[in-house]
Amino acid sequence: MAIAVQQPMPKILAPGEGDSYQMLAHTLVRKITSSDTEGDWAMFEMLDTAGSQPPVHSHPWHETFYILEGEVEVQIGNQRTMATAGAVAHIPANAMHTFKICSATARVLVIISPAAAEAFYRELGAEITTLPPDPAIFQKICAKHGLQLQ
């Protein structure tokens, strides 16, 4: 007897659709999840405001930013550039990087691979609900998911 394998279902989302949640200062809207891609990759829209900037860090997953609106200064290693609408920045796994929102607001499409990295964003959003974050909780979650701070 053959075992039936559940295939991912096609998905079309209208603008603004998707599960929305906060992660630190960012609003994330899940567009494509790990279950949609059999764990290969995930995609979310990040909405953010001027001055938002995570510390320089690296993580064991690939991350690609596609700038939809606004100005985002992206730093990967020693390379720093101003990215505007239509620009793409690909951050390979384990590369030190950060970004800073330079316009009043920004919308960025973020693709991560493998999709298991979604768990980091969800856990951080659920556990840290005030800013600045509690350093002990922040470091514990980062260590659990292999995120290194510079």
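We number each residue from 1, following the sequence as shown. Every value quoted in this text rests on a predicted model; they were computed, and no experiment measured them.
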- Query: For T27 and S20, which heavy atoms make the closest approach, and how far apart are they?
  - Reply: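 Answer, listing the atom of T27 first, then S20: CG2-OG, 3.6 Å.
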- What are the two closest heavy atoms between N94 and P60, and how far apart are they?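 In this case the closest contact between N94 and P60 is OD1-CA, 3.6 Å.
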Check for me, please, whether [X] and [Y] land in the same ILVMFWY cluster - side-chain distances under 4.5 Å, paths through other members count.
| X | Y | value |
| --- | --- | --- |
| V108 | W41 | no |
| I32 | W61 | no |
| Y66 | I76 | no |
| I141 | L149 | yes |

Using modelled atom types and a 3.5 Å cut-off, is there a donor and acceptor pairing between side-chain atoms of [X] and backbone atoms of [Y]?
| X | Y | result |
| --- | --- | --- |
| T98 | P54 | yes |
| S103 | E71 | yes |
| E17 | A14 | yes |
| H62 | A93 | yes |
| E118 | S34 | yes |

- Give the intermediate values and the outcome of side chain to side chain contact (heavy atoms under 4.5 Å, CB included) for residues F44 and T33. CA-CA 8 Å; F44 54 88; T33 67; over 6 Å; no
- Item | Heavy atoms from other residues, nucleotides or ligands near NZ of K31 exceed 12 (cutoff 6.0 Å) |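 Buried by this count: over 12 neighbours within 6.0 Å.
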Gap between atom [atom2] of [Y] and atom [atom1] of [X] - 0.5 Å precision:
| X | Y | atom1 | atom2 | value |
| --- | --- | --- | --- | --- |
| T105 | D48 | OG1 | CG | 9.5 Å |
| L13 | R30 | CG | CZ | 11.0 Å |
| I137 | T129 | CD1 | OG1 | 8.5 Å |
| L109 | M43 | CG | CE | 5.0 Å |
| Q139 | D134 | CD | CG | 9.0 Å |
| I91 | I111 | CD1 | CD1 | 11.0 Å |

- Quick one: does V72's side chain get under 4.5 Å of C102's, heavy atoms only?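 Counting from C-beta outward, V72 and C102 never come under 4.5 Å.
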- Side chain proximity check, I128 to L24, heavy atoms < 4.5 angstrom: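 Of all side-chain heavy-atom pairs linking L24 with I128, at least one is under 4.5 Å.
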- Positive for side chain to side chain contact (heavy atoms under 4.5 Å, CB included) with H97, one of H59, Q79, Q150: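 One option only clears the test, and that one is H59.
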- Message: By the definition side chain to side chain contact (heavy atoms under 4.5 Å, CB included), identify the one residue from E63, Q75, M46 that meets it with F99.
- Response: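 Result for side chain to side chain contact (heavy atoms under 4.5 Å, CB included) with F99: M46.
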- Message: Using the rule given for side chain to side chain contact (heavy atoms under 4.5 Å, CB included), can you reason through T64 versus V88, listing the C-alpha separation, both sets of side-chain angles and the distance that settles it, and then say yes or no?
- Response: CA-CA 7 Å; T64 301; V88 173; 3.8 Å; yes
- Using 30° and 60° as the class limits, which term best fits the ring planes of H145 and F120: parallel, tilted or perpendicular?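 Rings of H145 and F120: perpendicular, over 60°.
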- K144 with E123: basic N within carboxylate O range, under 4.0 Å: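 Answer for the salt bridge query: yes.
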- Task: Under the side chain to side chain contact (heavy atoms under 4.5 Å, CB included) rule, what do R122 and D19 come out as? Steps first, then yes or no, please.
- Result: CA-CA 11 Å; R122 301 281 289 167; D19 175 30; 3.0 Å; yes
- Members besides V29 in its Ile/Leu/Val/Met/Phe/Trp/Tyr cluster (side-chain heavy atoms under 4.5 Å):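 Noted: V29 shares its cluster with L47.
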